[in-house]
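First up is the structure itself, then whatever we jot down about it.
Lettering follows sequence order; numbering is per chain, from 1. What you see below is based on every heavy atom in this structure, not just the backbone, and it leaves out hydrogens, waters and symmetry mates.
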Number of protein chains: 2
Amino acid sequence: MNRNKYRMIYQELSGKIINGEYKQNEQLPSENLLVKQYSVSRETVRKALSLLQTNGFIQKLKGKGSVVIYNESMNFPVSQLISFEEIKESLNMDYITRVESFEKVFAYEHPRVMTALNLTEQTELFRVVRTRRKGDKVNIIDTDYFLVDLMPVLTKEIAEQSIYSYIENKLGQIISFSNKAITFEPMTETELELFGEVTPPYAATVRSIVHLANALPFQYNISKHRASEFKFVDFSRRAVNKK
Amino acid sequence: MNRNKYRMIYQELSGKIINGEYKQNEQLPSENLLVKQYSVSRETVRKALSLLQTNGFIQKLKGKGSVVIYNESMNFPVSQLISFEEIKESLNMDYITRVESFEKVFAYEHPRVMTALNLTEQTELFRVVRTRRKGDKVNIIDTDYFLVDLMPVLTKEIAEQSIYSYIENKLGQIISFSNKAITFEPMTETELELFGEVTPPYAATVRSIVHLANALPFQYNISKHRASEFKFVDFSRRAVNKK
DNA sequence: AAGTGGTCTAGACCACCCG
DNA sequence: GGGTGGTCTAGACCACTTC
């Protein structure tokens, strides 16, 4: 249930675009029409359309209208802040998650994480290593660090399901934004063991620092993929800096 | 010269954040204060702040204010739609661009490009191959395809400078958005020749389809990087889909 | 209670596109 | 000239934070 009018309109329109009710290169109804259809003010309609535009669904053309630019082959937004379970669901993938390691550690044992999350040495962290398998083949190794203070009762069982769902639905926290870096790195021996034979022995590595809505950094994630099968898709707009 | 009030405010505030006048974790002035300072309505201030938020400069906190989350180590947005010359300028890099090849081709000779840009077989394209060198070392190979119809007078000399600047400043076209995909691919023999010895013989590959403001796809770009030196940085927000 | 950001409205004027 | 999107305003009510 979303009581915001502009979000409701956003969801209805984005849904219709994803379903193919509005296809690529087709026009959306004009703003004035949407104003009448939804019985809202024009600024409210415009808020919904702006969201569609920044998320890559439409392009607004001055004097003409809003045209759909989304097409399915955009392969879905790995570039969004989205959990593995959510991707799995939206793409109907048959991956299995296995928790390889689940422990409490101190921040100073993982200096890179300590720096990234801006922690003191004695801060306690959960360190969770999970593999994502298709059949017998390991495709992704995820290593996550979470603040113990934020979720005192994280368990291995929760980690097998969706930790994000736990944070948002059980803990009532709002996950908001992240910084990511993608690199290609030689695999470590541990990684080679988990992956099995891999050529080349390189991993596409995505490191993320994830923040809550109150701007607190609460998660550090390292996601390793077989390089040969990795694909990161992104939608971006040119900055409005130009004078 | 930007006559839009909200863009002026956006630029002034983002400038102050980049300069360090507002530092990470500091508060921006409240919306009401900004209304008074700039003598504009609150919605105009809010438009500027929204832009700062979607571009990763601030996080707005209900009941509290806007806090700066930008920090320099974000290493600048390779994830934006930005030309190599612009990156070079903003990071003070000492790269040299060399045009390795400059020719006119037909779309049907490059089927992948034809499909991506949605062209007919006989459409003419410029195909430009450029290397980006630091000293004698080739770090990036860029292959670009542009619509001949759009810029009948593209020359090798322009390609040595910034083609984006040419398109925007000379042709008056507005570059607007792009789809990118990042993959990890074996190098071809041509690429190995240009790069020289590389281990591993794999390239971090970024393919982009770039569109103008009228939604016309006009450029297909393939950017190959030495895998060992590649780093892609991204800022993303969690989607507002949640009910 | 006072201050902050979030949503929504009704209306205005403008620039752009197209027939 | 009529339709479309872009910008801006003044005011309203709400929810959240802080004291």
Evaluate the criterion salt bridge (charged side-chain N to carboxylate O under 4.0 Å, His left out) for residue pair A:Glu26 and A:Lys16; output intermediate values, then yes/no. CA-CA 12 Å; A:Glu26 281 183 14; A:Lys16 287 186 178 177; over 6 Å; no

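In terms of the ring pair (Phe, Tyr, Trp, His ring centres under 6.0 Å) criterion, B:Tyr220 has no residue partners (sequence neighbours excluded). Here B:Phe126 pairs with B:Phe102 under the ring pair (Phe, Tyr, Trp, His ring centres under 6.0 Å) rule; sequence neighbours left out. For B:Arg112, there are no salt bridge (charged side-chain N to carboxylate O under 4.0 Å, His left out) partners two or more places apart in sequence or in a different chain. Among residues two or more places apart in sequence or in another chain, the ring pair (Phe, Tyr, Trp, His ring centres under 6.0 Å) test is passed with B:Tyr38 by none.
Between A:Leu117 and A:Pro217, the shortest heavy-atom distance links the atoms O-CG, 3.6 Å.
Taking 4.5 Å as the limit, some side-chain heavy atom of A:Phe57 sits within range of a side-chain heavy atom of A:Ile18. The side-chain heavy atoms of B:Leu125 and B:Val113, taken from C-beta on, include a pair separated by under 4.5 Å.
For B:Gln27 and C:dT4, the CD to P distance is 10 Å, given to the nearest whole Å. Atoms CD1 (B:Ile58) and P (C:dT4) sit 15 Å apart, rounded to a whole Å.
Annotation: of the two residues near DNA chain D, B:Glu43 and A:Leu28, the 5′-most nearest-nucleotide partner is A:Leu28. Nearest-nucleotide positions on DNA chain C for A:Ser41 and B:Gln53 put B:Gln53 closer to the 5' end.
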Summary of protein contacts for nucleotides 14-19 of chain C, nucleotide by nucleotide, where a base hit scores B, a sugar-phosphate-only hit scores S (4.0 Å, heavy atoms): --BSS-

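Taking 4.0 angstrom as the limit, B:Ser30 places a side-chain polar atom (N or O) nearer than this to OP1 or OP2 of C:dT4.
Nucleotides of DNA chain D lying under 4.0 Å from heavy atoms of chain B occupy a range whose first and last members, 5' to 3', are D:dT7 to D:dT18.
Looking at heavy-atom distances under 4.0 Å, A:Leu61 makes contact with sugar-phosphate atoms alone, never a base.
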